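A short worksheet on the structure shown next.
As the structure is a prediction and not an experimental result, all values here were calculated from the model. Naming: A, B, ... by sequence-line order, numbering from 1 per chain.
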Amino acid sequence: MDLYCKSSNILYARQLFDKIPKPDVVARTTFITAYSASGDLKLAREIFNTTPLRTRDNVSYNAMITGYAHNKDGYSAIDLFCEMKRYGFRPDNFSYTSMLSGLSLVAEYESHCQQFHCEVLKSGTGFVTSVVNALMSVYVKCASSPFVKADLLLAAARKLFDEMMLRDELSWTTIITGYVRNDDLCSARQVFDGMDEKLVVAWNALISGYTHKGRVKDALEMSRRMRLLEIGFDEFTYTSVLGACAAAKLLLHGKQVHGYIIRTVKNPSRDFLFSVNNALIALYWRCGKLDEARKIFDRMPMRDLVSWNTILSAYVDVGRIEEARSFFIEMPEKNELTWSVMISGFAQNGLGEEGLKLFNQMRSCNCQPCDYSFAGAIISCAVLASLDHGRQLHAQLIQSGFESSLSASNALITMYARCGVLQDSQSVFYTMSSLDSVSWNSMIAALGQHGHGAPAVDLFEQMLKEDIVPDRITFLTILSSCSHAGLVDEGQRYFNTMYELYNITPGEDHYGRLIDLLCRAGRFAEATDLIQKLPFTPGIPVWEALLGGCRIHGNIDLGIKAAEKLFELIPHHDGTYILLSNMYATLGKWTDVSRIRNMMRVRGVKKEPACSWIEVDNMVHVFLVDDTKHPEVQKVYKYLEELVPKMRKLGYVPDTKFVLHDMENEQKEYALSTHSEKLAVAFGLLNLPSGAMVRVFKNLRICGDCHNAFKFMSQVVGREIVVRDGKRFHHFKDGKFEICHVAWGVAVTDREDDKPSMLLPFSVLWFIIGILTGYVMLSLNIILRLLKS
DNA sequence: GTAGGGTTAG
């Protein structure tokens with residue numbers, strides 16, 4: 001039976017076990033261990049529970065406690081340890097070691113460490129190496145949780161280490177990794193240098209430590225020294241070294257290591273093949289060689305979960321989402337990481353609905369979402385600009401105890417910003433206990449998207465002051481923000497520092513934003529000059545930026561050139577036609593507009609009702625780029641005709657004038673209040689740039705008219721309204737073009753079945769449940785007080 | 001029949 005358990009053939013062993021009339025405690029313990037090892041704690045506990053109390057012994061308790069610890073259920077490990085004592089068992093070395101390993105998973109405060117430290121001392125196991133090692137682990141892991149005095153905890157671990165009677169290899173590695181994980185590589189190195197005989201494990205710990213802290217050079221230097229000292233690499237060394245190469249994108253070096261492994265390692269073990277091949281997949285992916293990565297994956301005789309997750313992440317990373325989806329479906333097993341990668345993969349590729357669907361599917365599969373999966377779902381809400389759902393997820397995030405998660409908080413910043421509630425983004429940002437570059441990037445982008453260019457630049461400067469190193473995304477964001485704020489010189493200066501100070505080579509996207517910046521300011525000569533000097537053949541982002549700029553300033557000649565280039569690159573892209581016709585519309589050249597629309601019809605390009613839009617003082621000029629007889633336009637007219645008298649009746653104060661210019665160059669003026677559901681509907685039908693819709697949506701929401709805000713959003717549902725990142729609108733003020741809102745805040749949900757979203761009923765339900773719970777709690781409280789008195 | 005560390009995936 002034991003043999004079958006060890007060869008992982010538990011099912012067969014269980015058949016034998018079930019034939020024993022009265023299995024003894026030894027047989028039961030074998031199963032507890034086997035089930036725990038296979039991750040099936042429920043079955044393990046079942047066997048444990050059916051062991052009569054009088055036959056239980058320390059070993060069976062210890063096996064069960066270890067099972068919990070191995071399966072990351074620290075609290076149950078501690079509970080069982082306490083139960084054991086309650087029933088009169090005397091915990092031994094094994095019990096303490098296992099319980100402490102469980103404790104290290106959940107220890108969050110200094111008191112947790114101290115309490116159990118006292119208990120160890122009282123029990124007399126304080127001199128046992130394995131117990132002290134586990135206790136050190138508790139201190140070390142606790143030191144990396146927030147709101148603790150990490151230095152004191154590490155010092156306590158060090159004291160334990162210094163005073164140990166008998167150190168083994170684990171003691172050394174525990175303290176070294178303790179320092180590594182708490183960013184004290186100096187102390188880690190000191191302890192390492194003090195080792196007489198340096199174990200491979202210790203080398204590995206330090207190499208991976210250097211890699212994680214971005215010190216790839218030091219990591220590779222260590223591996224070079226290992227080779228000089230003729231210390232044999234094991235699979236952990238290889239994976240760490242390959243990880244270092246992947247982090248620094250050192251393809252050549254990585255390939256050398258790959259070749260060396262092929263030449264020198266004969267008869268590799270199963271584990272060796274798993275971990276080294278997985279690291280190789282990651283290496284080739286990170287170095288941009290997806291095909292090589294795929295080859296390694298395909299050639300693996302056996303794959304584990306990490307292999308699948310790595311190849312999945314690689315395909316998601318390069319945006320090949322459909323292939324990623326087929327990997328996801330094909331995978332023999334999944335963990336929380338698998339789900340999270342796929343959810344955020346959908347979200348990052350604009351497939352918000354798919355992301356949310358998968359998040360719900362994850363929960364219905366009994367897979368507990370982790371903070372990363374929450375982050376993916378929250379970003380999905382950002383893509384859909386679905387504020388209600390986003391808020392619900394925020395509440396659930398807090399409930400699940402992930403409030404302090406970095407990735408989830410970063411997602412919240414983006415979500416609130418894209419849903420038009422900048423204040424909430426800010427309150428998340430300013431209450432976070434630690435920030436990384438993604439947090440800064442998200443907050444800067446949030447400000448920029450809301451048109452607050454100058455504050456975005458200020459925040460960027462603050463980021464630099466706090467020694468956070470900006471990355472490519474930071475520069476994309478700050479260039480857009482400068483563009484919004486008309487800060488041309490600042491933008492150019494930041495662009496130049498990119499390579500000079502931070503060694504980041506600007507990509508086509510960066511050049512695109514720079515050209516956008518120049519064109520918005522009307523500096524076409526500089527822009528065209530830059531395009532000619534580009535270090536690569538200009539592609540879509542460059543020409544789109546140029547055409548966008550020409551549209552604002554009515555620079556027809558240049559605009560046509562840009563459009564021709566775009567037609568060469570993407571022949572039937574509706575966006576180009578629409579930008580082009582909007583350019584003519586803004587200048588009132590209606591014959592050209594209809595020429596373009598005809599071209600679209602002849603060439604079979606899908607025609608969206610379109611319009612161009614500028615705001616001058618309190619006047620919104622809307623240029624309809626459609627035939628007046630177009631049914632969509634007719635609907636708009638009808639709505640507006642009905643709207644004005646109705647609104648007056650309802651007492652709405654007009655605050656904005658809308659001037660509709662149509663193709664026959666007729667102008668119609670409507671004095672309207674933006675606080676109107678009907679107007680919102682009209683906008684929805686018009687497919688107005690969503691900046692205008694954001695305005696209406698925000699007004700409704702600010703006035704507390706959430707119902708209508710929601711209704712407005714659901715009215716928009718079912719129509720192809722694409723909310724594009726970076727689609728900006730312009731404000732004409734004091735003779736200069738300035739910033740305006742970005743196109744966030746429009747819901748595009750349930751497009752398939754065209755039903756209103758279920759978000760509102762859910763929020764109402766939550767609200768009612770909240771009130772009922774509060775009411776019940778209150779009554780209970782009163783009853784208790786009455787009983788007491 | 002029971003224990004403690006190092007790797008690769010976001």
Side-chain angles (χ1 to χ4, degrees), chain A residues 1-2 5-6 23-34 36 51 57-67 69-70 92-102 104 125 128-138 140 168-178 180-181 199-209 211-212 234-244 246 271-272 274-283 285-286 304-314 316-317 335-345 348 370-373 375-376 407:
Chain A
M1 213 164 65
D2 190 27
C5 276
K6 286 207 169 107
D24 65 354
V25 67
V26 176
R28 287 174 186 280
T29 310
T30 309
F31 271 94
I32 294 170
T33 316
S36 306
T51 316
D57 60 5
N58 268 12
V59 182
S60 54
Y61 266 104
N62 295 347
M64 194 64 230
I65 295 171
T66 306
H70 277 180
D92 56 17
N93 306 342
F94 285 100
S95 330
Y96 275 99
T97 315
S98 311
M99 179 274 290
L100 288 171
S101 111
S104 73
T125 53
V128 180
T129 308
S130 72
V131 175
V132 185
N133 284 348
L135 193 56
M136 278 201 306
S137 269
V138 175
V140 157
D168 66 3
E169 49 200 63
L170 288 187
S171 325
W172 288 91
T173 11
T174 307
I175 195 75
I176 290 173
T177 49
V180 166
R181 287 200 180 148
L199 300 155
V200 185
V201 193
W203 287 92
N204 295 347
L206 217 51
I207 291 175
S208 72
T211 308
H212 279 147
D234 64 3
E235 71 249 46
F236 292 103
T237 329
Y238 283 121
T239 41
S240 301
V241 171
L242 288 171
D271 285 346
F272 184 97
F274 274 142
S275 45
V276 169
N277 277 321
N278 293 344
L280 281 169
I281 298 173
L283 168 81
W285 153 37
R286 296 277 183 205
D304 65 1
L305 187 56
V306 180
S307 331
W308 283 98
N309 279 343
T310 313
I311 200 77
L312 179 77
S313 310
V316 162
D317 184 48
N335 65 357
E336 52 178 41
L337 190 137
T338 322
W339 289 95
S340 312
V341 169
M342 200 64 228
I343 293 168
S344 43
Q348 275 155 18
C370 62
D371 57 337
Y372 282 101
S373 26
S407 55

Under 4.0 Å, heavy atoms only, any strand: does A/Ser340 hit a base, just the sugar-phosphate, or nothing?
base
Could you please name the option among B/dG10, B/dG6, B/dT8 that lies closest to any side-chain atom of A/Thr177?
B/dG6
Are side-chain N/O atoms of A/Asn278 and A/Ser275 paired as donor and acceptor at under 3.5 Å?
no
Spacing of A/Asn58 atom CG relative to B/dA3 atom C1', expressed in whole Å:
13 Å
Determine whether A/Leu305 and A/Thr338 make a side-chain contact, defined as any pair of heavy atoms from C-beta on separated by less than 4.5 Å.
yes
For a quick test of reading the model: is some side-chain N or O of A/His212 closer than 4.0 Å to OP1 or OP2 of B/dG6?
no
In this structure, how many angstroms lie between the P atom of B/dG5 and the CG atom of A/Asn204, rounded?
15 Å
Whole angstroms only, please: what is the CE-C1' distance between A/Met99 and B/dA3?
12 Å
Regarding A/Val132, tell me which of base, sugar-phosphate or nothing describes its non-hydrogen contacts under 4.0 Å with the strands shown.
nothing
Name the nucleic acid region contacted by A/Trp285, choosing base, sugar-phosphate or nothing; use a 4.0 angstrom heavy-atom cut-off, strictly under.
sugar-phosphate
What nucleotide, of B/dT8, B/dG6, B/dA3, holds the atom closest to the side chain of A/Ala205?
B/dG6
Calculate the interatomic distance between A/Asn309 atom CG and B/dT7 atom P; express it in whole Å.
18 Å
Are the side chains of A/Arg28 and A/Ser60 in contact, using a 4.5 Å heavy-atom criterion?
no
Scan A/Asp168 against the nucleic acid and name what it touches under 4.0 Å (heavy atoms): base, sugar-phosphate only, or nothing.
base
Is A/Ser407 touching bases, backbone alone, or none of the nucleic acid, heavy atoms closer than 4.0 Å?
nothing
Taken to the nearest whole Å, CG/A/Asp92 to P/B/dT2 is 13 Å
Atom pair distance, as rounded to whole Å: CG in A/Asn62 and P in B/dA3
9 Å
Rounded to whole Å, how long is the line connecting atom CG of A/Leu100 with atom C1' of B/dG4?
9 Å
Sugar-phosphate, base or nothing in reach of A/Thr129, heavy atoms under 4.0 Å:
base
Checking contacts here: which listed nucleotide (B/dG10, B/dG4, B/dT8) is nearest the side-chain heavy atoms of A/Ser130?
B/dG4
With respect to the phosphate group of B/dG5, does any side-chain polar atom (N or O) of A/Arg181 fall under 4.0 Å of OP1 or OP2?
no
Side chains of A/Asn133 and A/Ser130, donor plus acceptor under 3.5 Å:
no
With no hydrogens and no angle check, just 3.5 Å: does a side-chain donor-acceptor pair link A/Ser98 and A/Thr66?
yes
Closest to the side chain of A/Val201, out of B/dA9, B/dG10, B/dG5, is B/dG5
Counting the atoms with a prime plus P, OP1 and OP2 as sugar-phosphate, which does A/Thr310 contact under 4.0 Å by heavy atoms, base, sugar-phosphate, or nothing?
sugar-phosphate
To the nearest Å, how far apart are A/Leu280 CG and B/dT7 C1'?
13 Å
So which nucleotide from B/dT2, B/dT7, B/dG4 ends up closest to the side chain of A/Ser240?
B/dT7
A/Thr174 side chain: which of B/dA9, B/dA3, B/dG5 is closest?
B/dG5
Where the side chain of A/Asn335 is defined as all heavy atoms beyond and including C-beta, which of B/dT7, B/dA3, B/dA9 is the nearest nucleotide?
B/dA9
For A/Trp285, all residues meeting ring pair (Phe, Tyr, Trp, His ring centres under 6.0 Å), sequence neighbours excluded:
none
So, does A/His70 get its side chain near the phosphate of B/dG4, meaning an N or O under 4.0 Å from OP1 or OP2?
yes
Under 4.0 Å between a side-chain N/O of A/Ser313 and OP1 or OP2 of B/dG10, yes or no?
no
Which of the following nucleotides, B/dT8, B/dG4, B/dG10, is nearest to the side chain of A/Cys370?
B/dG10
NA contact type, A/Val341, heavy-atom cut-off 4.0 Å: base, sugar-phosphate, or nothing?
sugar-phosphate
Can you find a heavy atom in the side chain of A/Asp92 that is under 4.5 Å from one in the side chain of A/Asn62?
yes
From the list B/dG1, B/dT7, B/dA3, which nucleotide is the closest neighbour of the side chain of A/Phe94?
B/dA3
Between B/dT8, B/dG6, B/dT2, spot the one nearest the side chain of A/Ala63, thanks.
B/dT2
Taking any heavy-atom pair under 4.0 Å as a contact, classify A/Asp57: base, sugar-phosphate, or nothing.
base
